[in-house]
Peer 1: 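Below: one structure in structure tokens.
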Amino acid sequence: MNNLPHLQVVGLTWGHISWDLLALPPQDIILASDVFFEPEDFEDILATIYFLMHKNPKVQLWSTYQVRRQVWMTLTFYM
């Protein structure tokens, strides 16, 4: 739609490493927009991001996080 033929979009399921994910060429940016929604998914999300960052050591992760419930604990990220 935006005339970006070089842009590859791959659907994924957090925590599952698919053949499409394995076949991705090196990436510059991982755009993770509004992915931290349900706490029970956080570990699978981080495992997938870790895999992608390990595969592409120079990749940047761009993400945001909105506190939706005050009872959630603060997340600390170690990469």
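What you are looking at is a predicted structure, and each value in this text was computed from that prediction instead of being measured.
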Peer 1: Nearest 0.5 angstrom please: Gln27 CD to Leu61 CG, how far?
Peer 2: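 Rounded to the nearest 0.5 Å, the CD-CG separation comes to 12.5 Å.
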
Peer 1: Would you please test Leu24 and Lys55 for side chain to side chain contact (heavy atoms under 4.5 Å, CB included) and show each step?
Peer 2: CA-CA 10 Å; Leu24 279 177; Lys55 182 179 176 193; 4.0 Å; yes

Peer 1: Okay, side chain of Lys58, backbone of Pro26: is any donor-acceptor separation there less than 3.5 Å?
Peer 2: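 Answer holds: no.
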
Peer 1: Would you say the side chain of Leu21 lies within less than 4.5 Å of the side chain of Thr48, judging by non-hydrogen atoms?
Peer 2: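 The answer is yes, as the side chains (C-beta and beyond) meet within the 4.5 Å cut-off.
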
Peer 1: Of all heavy-atom pairs between Ala32 and Ser63, which one has the smallest distance, and what is that distance?
Peer 2: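 Taking every non-hydrogen atom into account, O-OG, 2.9 Å.
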
Peer 1: Any side-chain heavy-atom pair from Met53 and Ile30 closer than 4.5 angstrom?
Peer 2: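 Touching, per the 4.5 Å side-chain cut-off.
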
Peer 1: Just jot down the side chain to side chain contact (heavy atoms under 4.5 Å, CB included) partners of Leu22, sequence neighbours excluded, or say none.
Peer 2: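 Partners of Leu22 by the side chain to side chain contact (heavy atoms under 4.5 Å, CB included) criterion, ordered by chain and then number, come out as Ile17, Trp19, Phe51.
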
Peer 1: Between Trp14 and Leu46, is any pair of side-chain heavy atoms under 4.5 Å apart?
Peer 2: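 Not touching, per the 4.5 Å side-chain cut-off.
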
Peer 1: Roughly how far, to the nearest 0.5 Å, is the CG atom of Leu12 from the CG atom of Asp44?
Peer 2: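 Rounded to the nearest 0.5 Å, the CG-CG separation comes out at 11.0 Å.
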
Peer 1: Do Val59 and Ile29 have side-chain heavy atoms sitting under 4.5 Å apart?
Peer 2: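 Of all side-chain heavy-atom pairs linking Ile29 with Val59, none is under 4.5 Å.
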
